[in-house]
Every structure is written in C-alpha cells, then in structure tokens.
Amino acid sequence: MQPFTYEALPARVIFGAGTLARIGDEVRALGCKRALVLSTPEQRGMAEDLAARLGPLSAGIFAEATMHTPVEVTQRAMEALRALGADCTVAIGGGSTTGLGKAIALRTDLPQIAIPTTYAGSEATPILGETEGGKKTTQRTLKVLPEVILYDVDLTLSLPPGLSATSGMNAIAHSVEALYARDGNPITSAMAEQGIAALARALPRIMRDPTDREARSDALFGAWACGVCLGTVGMSLHHKLCHTLGGSFDLPHAQTHTVVLPHATAFNAPAAPDAMARIARALGAADAATGLFDLARGMDAPTALRDLGMPEHGLDRAADLATANPYWNPRPVERAAIRALLDDAWHGRRPGG
Ligand SMILES: NC(=O)C1=CN([C@@H]2O[C@H](COP(=O)(O)OP(=O)(O)OC[C@H]3O[C@@H](n4cnc5c(N)ncnc54)[C@H](O)[C@@H]3O)[C@@H](O)[C@H]2O)C=CC1
Ligand SMILES: O=C(O)/C=C\C(=O)CC(=O)O
C-alpha cells in the first residue's frame, strides 16, 4: 500500500425513492424557516411541486438557473433571496441549478439542500464554476459544499435518455480522472471503480427503458460516488480540455465530456496502466479508452466535437488554451499531442482504431 492522505468531506446524504417527502424535516433540521427553491425554467414544474410540499417553509421560487452559473443570474437570485427573506436554498435540478445554489452560498453562507436530478455530481463537491464577461473561472471552497444532498430516484425518471447518457458519461469522467489523480487514495479509488461500474451497468438499461427504477437507482448511486471522487481529489487533462471547450467555445457541458473522455483516456493510458486496468474492469471492457467510446456510441451519444458545433478552425486555439498554463497530468501535456487528440475527438475516431 502506498502512503496516502485522505480528507473526507462533510455530507449528509439521503438516498432512495420518494425521499422528497422528507424535505420539510430537512429544512427544519437545518434550523431554517424560509427556503428559496431554485430550478431552471424547464424544471419550474418540479420546483412548484416542491414549494407546495414545503408549504409555509417555502419563501418562493427562483427558476432562472442556467448552465455555467452566469453571475448576472446569481445577482438576480440574490435580489429575490433578500426580497423574500429566505434563510436557506433548496436547489432541485442538475449541475446548473446546484451551481446557482452554490453561488448563493458563496455570497451569503446560507445553508443549502441539493436535490439532484441529473448525474453531474456537483452536489458532492466544494467546486464552483462561474461565468462573467464570457470567462469561466472555477474555485474550490467548503463554503459552497451543500449541507444536505437529498437523492430521490423518482425525480430522475423524467431525465430524457440522451441527457441521461451524456450526464452519466460526465460522472464517469470524474472517476476516470480520480483513478490516476496525483493525490489519489484507496478510498476514493474504490468509490471511483464502484461509480463507473454502476453507471456502465445502468445507462444501457436506461436507454432501453428510462422508467427502469432499479437502473435509475444504480445510476444515481454511481453519480454520487463519482461526484465524491471529483470533490476529494484533483482532476487533470480531461477536465481541463472540457473546461476550455465549454468556456471558450460555448459547447454543451455533459456532451463535451462524453466526446472527449475516450481520447483523454487514450492519451493518458501509457502513463497510468493501473488506473486503465481498473477502468476497463469497471466497464467490463478489454480496454479503458475503447470501452468508454463504445459505451457512448452504444447509447447513440455524441462521439464527435464537430457534431457539438465545434468549428474545425478552433482546434488550434483550443490546443493553445489547454496547454498555456502548466498543470499536473500523469503524462506530460505537449501541444502537438493535444492538437492530435483534439483532431481525433473532432472527427469522432475510435481510439486505437
Ligand atoms: N461544480 C461541480 O462540481 C460541477 C459542476 N457542473 C456544472 O453543471 C452544469 C451542467 O449540469 P448538467 O446536470 O449537465 O445539466 P443542467 O443542470 O444544465 O440540466 C440540463 C437540462 O436538463 C434539465 N433536467 C435536469 N434534470 C431533469 C430531469 N430529471 N427531468 C427533466 N429535465 C431535467 C434541466 O432543467 C436542463 O434544462 C455545468 O454548468 C457544469 O459546469 C457539473 C459537474 C460538476
Ligand atoms: O467539468 C466538470 O464536470 C466538473 C467541474 C465543473 O464543471 C466545475 C464547474 O465549472 O462548475
């Protein structure tokens, strides 16, 4: 056993089906009386249902959450929070809504409850990315870690198959990078393997039947495990590339992760053989990178950056941006190799094929 340091994050996690019924008790247990319910415009219906359950514990709804947490949306949410006299937030939705709850917590220190409805994993991390003036910056601080995560499998039944596939691949990416993280440790690695295996098992079943509760439950558990990995160890090349592509080329978050992951994995494979063996084992595949590509392709998820709206002439700039500032990665990051990786991802080539 290699020496390691492991720092667990504080978390109260409630997991099951029908757990939304416990929301009032959770708000009261935090010592709060007026919760501001957060959602995207698309999930306003879920937010209204939640507010109705909360009854007098609901201060109101702010349903303007959007991807990449723009600060102008956060400012409007802060105005609503003050006007309604809220003393905590309850974010019901995917990573975008969780991000808004975190941005409010950063500014107010108010407690937050996250009710995740995708597999992004943000609810389990002390990480917040915010966008201002077209630039996305990310920070790590315990101030943004939700006090309570309430997982209700029933809320994920409506997540469309396409979003389930890409969001699940986003979660898997956290575990892939955790398995070769410089600050990796046996606890996080065990969760990473378990998270990948749960999602790789569940996602194809969800594609066949989005209402399969057992598969949905497996996937949501996998998402939590992968989110814990993202929260406890450092990420490398893959997350850096996706951050660059999402932030500078406005590509959709989970879809970008889905396309890039097999290529970043193939790039790192020679430098991280143990991690690759564990990823392949969790996927039930002969090889980690091709196993990830085949998982995505088998779900009809996107496999090429060109299909996400990435212009081919932008690949040079993306390679420049992704290699401008040094960061740790198991394999040294050189511009020419990253440019070749991006070319493979743009065309959607099968790694090693
Ligand atoms: N800070 C962190 O640790 C992390 C942050 N993120 C951030 O999260 C954002 C992406 O989050 P995602 O969850 O991928 O997407 P999202 O939260 O934007 O959701 C995508 C769409 O699906 C809808 N949706 C969500 N759950 C649904 C359900 N159960 N039924 C029907 N519709 C549903 C949403 O309303 C939205 O329209 C990005 O901004 C990303 O940077 C992602 C992972 C980790
Ligand atoms: O890329 C990811 O899935 C993980 C982290 C983030 O998205 C951080 C953020 O920009 O919100």
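All ligand and atom numbering here is 1-based and tracks the order in the structure. Positions are given from 1, in the same order as the sequence printed here.
Nearest to atom 29 (N) of ligand 1 by heavy atom, out of Leu155, Thr66, Thr40, is Leu155. Checking His174, His257, Glu42 against atom 36 (C) of ligand 1, the nearest heavy atom belongs to Glu42.
Counted by atom type alone, Thr117 and Gln43 present one or more donor-acceptor pairs between their side chains at under 3.5 Å. Side-chain contact, Glu42 with Thr40: a donor N or O sits under 3.5 Å from an acceptor N or O. Thr188 and Asn185 are linked by a side-chain donor-acceptor pair at a separation below 3.5 angstrom, with hydrogens and angles left out of the test. A side-chain donor from one of Arg216 and Ser164 sits under 3.5 Å from a side-chain acceptor of the other. In the model, Asn268 has a side-chain atom that pairs as donor or acceptor with a side-chain atom of Tyr180 under 3.5 Å.
Side-chain contact check for Asn170 versus Thr258: every heavy-atom pair is 4.5 Å or farther apart. Under the 4.5 Å side-chain criterion, counting only non-hydrogen atoms from C-beta, Cys32 is in contact with Pro111. Thr265 has its side chain out of reach of His238: every pair of non-hydrogen atoms, C-beta onward, lies at least 4.5 Å apart.
More than 12 heavy atoms of other residues, nucleotides or ligands shown are found within 6.0 angstrom of CD on Glu72.
Note: Phe15 and Tyr151 have tilted aromatic rings, judged against thresholds of 30 and 60 degrees for the angle between ring planes.
Heavy-atom proximity to His68, at under 4.0 Å, picks out these atoms of ligand 1: 39 (O). Set against the non-hydrogen atoms of Gly94, the atoms of ligand 1 under 4.0 Å away are 13 (O), 17 (O).
Sorted by first then second residue, the side-chain hydrogen bond (donor to acceptor under 3.5 Å, both in side chains) pairs that include residues 61-70, not counting sequence neighbours, are Glu64-Arg76, His68-Lys136. Judged as a salt bridge (Lys or Arg N to Asp or Glu O under 4.0 Å), the pairs with a partner in residues 141-167 (not counting sequence neighbours) are, in order, Asp154-Arg213. Applying the salt bridge (Lys or Arg N to Asp or Glu O under 4.0 Å) test to pairs two or more places apart or on separate chains, those with a residue in residues 182-204 are Glu193-Arg278, Glu193-Arg281, Arg201-Asp218.
Between Ser158 and ligand 1, at least one pair of N/O atoms sits closer than 3.5 Å. Checked against a 3.5 angstrom limit, the closest N/O atoms of Ser167 and ligand 1 fall outside it. For the pair Gln43 and ligand 1, the shortest N or O to N or O distance falls below 3.5 Å. At least one N or O atom of Thr118, backbone or side chain, sits closer than 3.5 Å to an N or O atom of ligand 1. Taking distance alone, with nitrogen or oxygen atoms compared against 3.5 Å, Gly93 stays at or beyond that limit from ligand 1. In terms of polar-atom proximity, Met67 is not counted as a contact of ligand 1, lacking any N or O under 3.5 Å from an N or O of the ligand.
Here the options are Leu50, Ile115, Leu220, the test is side chain to side chain contact (heavy atoms under 4.5 Å, CB included), and the partner is Leu155; only Ile115 passes.
Scanning all protein heavy atoms for the shortest distance to atom 4 (C) of ligand 1 gives Ser122 CB, 3.4 Å. Atom 41 (O) of ligand 1 has as its closest protein heavy atom Lys136 NZ, 2.8 Å. Looking only at protein heavy atoms, the nearest one to atom 14 (O) of ligand 1 is Ala254 CB, 4.1 Å. Given atom 3 (O) of ligand 1, the protein heavy atom at minimum distance is Thr125 OG1, 2.6 Å. Looking only at heavy atoms of the protein, atom 16 (P) of ligand 1 is closest to Ser96 OG, 3.4 Å. For atom 26 (N) of ligand 1, the nearest non-hydrogen atom of the protein is Thr117 OG1, 2.7 Å. Of the protein's heavy atoms, Gly95 N, 3.6 Å lies nearest to atom 12 (P) of ligand 1. The shortest contact between atom 42 (C) of ligand 1 and any protein heavy atom is with His253 NE2, 3.4 Å.
Ring-centre distance between His239 and His257: below the 6.0 Å cut-off.
By the criterion of a heavy-atom distance under 4.0 Å, the side chain of Leu230, and not its backbone, is placed next to ligand 1.
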Filter the ligand 2-protein atom pairs down to N or O on both sides and distance under 3.5 Å, then list them.
from     : atom 1 : to     : atom 2 : distance (Å)
ligand 2 : 1 (O)  : His257 : NE2    : 2.9
ligand 2 : 3 (O)  : Asn170 : ND2    : 3.0
ligand 2 : 3 (O)  : His253 : NE2    : 2.9
ligand 2 : 3 (O)  : His257 : NE2    : 3.2
ligand 2 : 10 (O) : Lys136 : NZ     : 2.9
ligand 2 : 11 (O) : Gly129 : N      : 3.3

